[in-house]
Amino acid sequence: MSSTLRLSVLDQSPVLAGSTPSQALANSLDLARHVDRLGYTRLWYSEHHAMDLLACTAPEILIARAASETSRIRVGSGGIMLPHYSAFKVAEVFRTLHAMFPNRIDLGIGRAPGGGQLEAYALRRNRKAPVTDDFPQQLAELRAFLHPERFPSDHGFAHIRVAPDAPGAPDIWLLGSSMWSAVTAAQEGLPYAFAHFFSPIQTRQAIEYYQRNFQPSPDRAKPEATLAIGVICADTDEEAKHLHSSVRLLQRRIRMDDRRPVAAPDDALRELAALPTAPNPLIPFTAGSFDAPEENEWPTYFVGTPDKVAAQLRGLASELNLEEIIVNTITHSHQARKHSYDLLAQALNLAAQHSEATFA
């Protein structure tokens with residue numbers, strides 16, 4: 001692992017209690033400009049459906065806006081939920097983005113629904129036939145649409161040219177939170193991002209399997225892995241823990257199928273105190289989802305002063321041989337969220353890394 005650690009950002013466009021989804025999207029664009037100046041490597045937008053909590057349902061639209069308002073940061077999806085869509089259409093959308101913003105677009109893809117079963121059903125074009133898991137075929141088609149020379153000459157799509165046909169292509173990443181995604185990314189020779197903040201149980205197993213079993217491909221000669229983790233930095237540990245109470249409540253609510261907007265810290269503390277401590281027996285328990293010590297090697301959120309969090313991130317990166325980590329910060333205050341990214345950038349000297357890369 002190199003002596004420097006690159007940091008990137010996952011933005012889910014959280015909606016804050018007392019605010020609006022429109023303001024959440026405006027906050028996302030403000031954050032994009034902010035982290036671009038601070039020296040973060042990439043900025044990804046998630047895809048979630050029918051949630052009062054998260055405003056980002058169409059990451060490709062936010063990518064276009066954010067890329068037009070920034071100058072250097074890579075912008076992409078974290079990710080596009082490919083089973084909902086035609087691989088051809090996804091290729092067209094991201095080829096358009098790539099033509100507009102050459103060498104700055106990442107196409108992160110996943111196979112999760114990004115919502116509940118009803119939302120997944122509503123997203124289906126054909127609701128008569130049973131759902132078939134053809135993700136491997138979709139993935140192969142998507143890669144070939146972006147690189148037409150990879151289609152066999154006798155393939156029915158071999159002569160389709162995805163417009164706009166600008167030089168190069170967006171960079172495909174495989175996203176996941178299970179061993180299935182680690183195995184697939186290794187077999188396919190794709191860069192891999194693990195959603196530790198969402199499902200921390202198999203983090204080490206997935207990352208290490210991917211690194212050991214990676215097969216070189218036209219997309220990557222060697223493995224490139226990262227993970228996404230929650231982070232809240234503040235000037236003091238006490239303030240960071242206070243801000244984190246909003247996320248603690250958010251995690252509890254999600255396990256109870258409650259997706260209301262992000263509560264203010266004081267309101268979150270009152271609600272947490274009133275909630276039962278035992279998991280809902282109708283919903284399987286997931287470590288980290290309730291207000292109890294997390295039984296995982298690393299917590300889903302690193303919380304504290306910037307020096308403390310920076311040391312934790314460096315330790316995590318060293319343990320898993322990572323050169324980049326994606327951080328996801330949710331607070332009720334947009335200014336506190338920006339300040340968290342500010343403090344972390346200073347602690348890890350991201351501006352100097354950016355200047356060195358630019359000079360090189």
Side-chain angles (χ1 to χ4, degrees), residues 5 7-14 44 46 48 51 53-54 56 78-79 108 110 112 114 175-179 181-182 192-208 225-234 237 240-259 262-263 265 268-269 271-272 275 277 279-280 283-306 308-320 322 324-332 336-337 340-341 344:
L5 175 62
L7 286 187
S8 294
V9 175
L10 172 67
D11 183 6
Q12 299 169 297
S13 299
W44 285 357
S46 63
H48 292 89
M51 293 187 186
L53 172 63
L54 305 174
C56 187
L175 317 181
S177 58
S178 69
M179 287 306 299
S181 57
Y192 179 50
F194 187 85
H196 173 84
F197 76 99
F198 173 75
S199 181
I201 298 172
Q202 293 184 310
T203 299
R204 181 184 288 275
Q205 183 182 1
I207 295 289
E208 291 184 347
T226 184
L227 63 78
I229 187 169
V231 164
I232 294 179
C233 283
D237 277 336
K241 290 176 182 176
H242 184 67
L243 294 169
H244 184 231
S245 60
S246 299
V247 175
R248 286 169 47 206
L249 177 62
L250 180 157
Q251 290 173 321
R252 274 208 189 185
R253 283 176 170 178
I254 286 175
R255 294 306 302 165
M256 295 184 286
D257 199 28
D258 179 349
R259 289 169 169 76
V262 181
L269 288 170
E271 187 171 333
L272 284 165
L275 285 172
T277 57
N280 184 329
I283 302 176
F285 176 72
T286 298
S289 294
F290 288 82
D291 192 25
E294 297 185 74
E295 299 175 1
N296 301 292
E297 191 168 0
W298 299 283
T300 54
Y301 256 78
F302 287 160
V303 178
T305 60
K308 174 184 174 181
V309 171
Q312 291 175 312
L313 289 171
R314 287 193 183 101
L316 173 61
S318 178
E319 279 286 318
L320 295 178
L322 302 175
E324 178 181 347
I325 290 178
I326 302 170
V327 293
N328 171 237
T329 298
I330 294 178
T331 59
H332 180 263
R337 183 162 72 137
S340 178
Y341 283 115
L344 195 56

A side-chain contact here means heavy atoms from C-beta on lying under 4.5 Å apart; do [X] and [Y] qualify?
X	Y	value
Phe194	Thr226	no
Leu250	Arg259	no
Gln12	Ile330	yes
His332	Pro265	yes
Ile254	Leu53	yes
Val262	Leu249	no
Trp298	Glu319	yes
Arg337	Leu243	no

Polar side-chain atom of [X] near backbone of [Y] as donor-acceptor pair, under 3.5 Å:
X	Y	value
Ser8	Ile326	no
Asn328	Ala228	no
Ser246	Ala263	yes
Thr329	Val231	yes

To the nearest 0.5 Å, what is the distance between [atom1] ([X]) and [atom2] ([Y])?
X	Y	atom1	atom2	result
Arg248	Leu272	CZ	CG	5.0 Å
Cys56	Leu10	SG	CG	9.0 Å
Arg204	Asn296	CZ	CG	12.5 Å
Leu316	Glu297	CG	CD	8.5 Å
Phe198	Leu175	CZ	CG	12.5 Å
Arg314	Ile325	CZ	CD1	10.5 Å

If you take all heavy atoms of [X] and [Y], which pair is closest and at what distance?
X	Y	value
Ser245	Ala268	O-CB, 3.5 Å
Val309	Gly304	CG2-N, 3.6 Å
Leu344	Cys233	CD1-SG, 4.0 Å
Leu5	Leu322	CD1-O, 4.2 Å

field: Parallel, tilted or perpendicular: ring planes of His244 versus Tyr301, cut at 30 and 60 degrees
entry: tilted
query: How far apart are the C-alpha atoms of Ser13 and Leu54, what are their side-chain angles, what is the distance that settles it, and do they pass the side-chain contact (heavy atoms from CB on, under 4.5 Å) test?
result: CA-CA 6 Å; Ser13 299; Leu54 305 174; 5.9 Å; no
task: Could you list the residues that satisfy ring pair (Phe, Tyr, Trp, His ring centres under 6.0 Å) with Phe197, not counting sequence neighbours?
output: none
query: Salt-bridged, Glu271 to Arg253, with N to O below 4.0 Å?
result: yes
task: Using a cut-off of 6.0 Å, state whether more than 12 heavy atoms not belonging to Lys241 lie near its atom NZ.
output: no
- request: Could you tell me whether the side chains of His196 and Thr203 share a donor-acceptor contact shorter than 3.5 Å?
  value: yes
statement: Hits for side-chain contact (heavy atoms from CB on, under 4.5 Å) against Ser181, two or more places apart or cross-chain, chain-then-number order -> Ser178, Tyr192
Derivation of the side-chain contact (heavy atoms from CB on, under 4.5 Å) call for Ile229 and Phe302: CA-CA 8 Å; Ile229 187 169; Phe302 287 160; 3.7 Å; yes
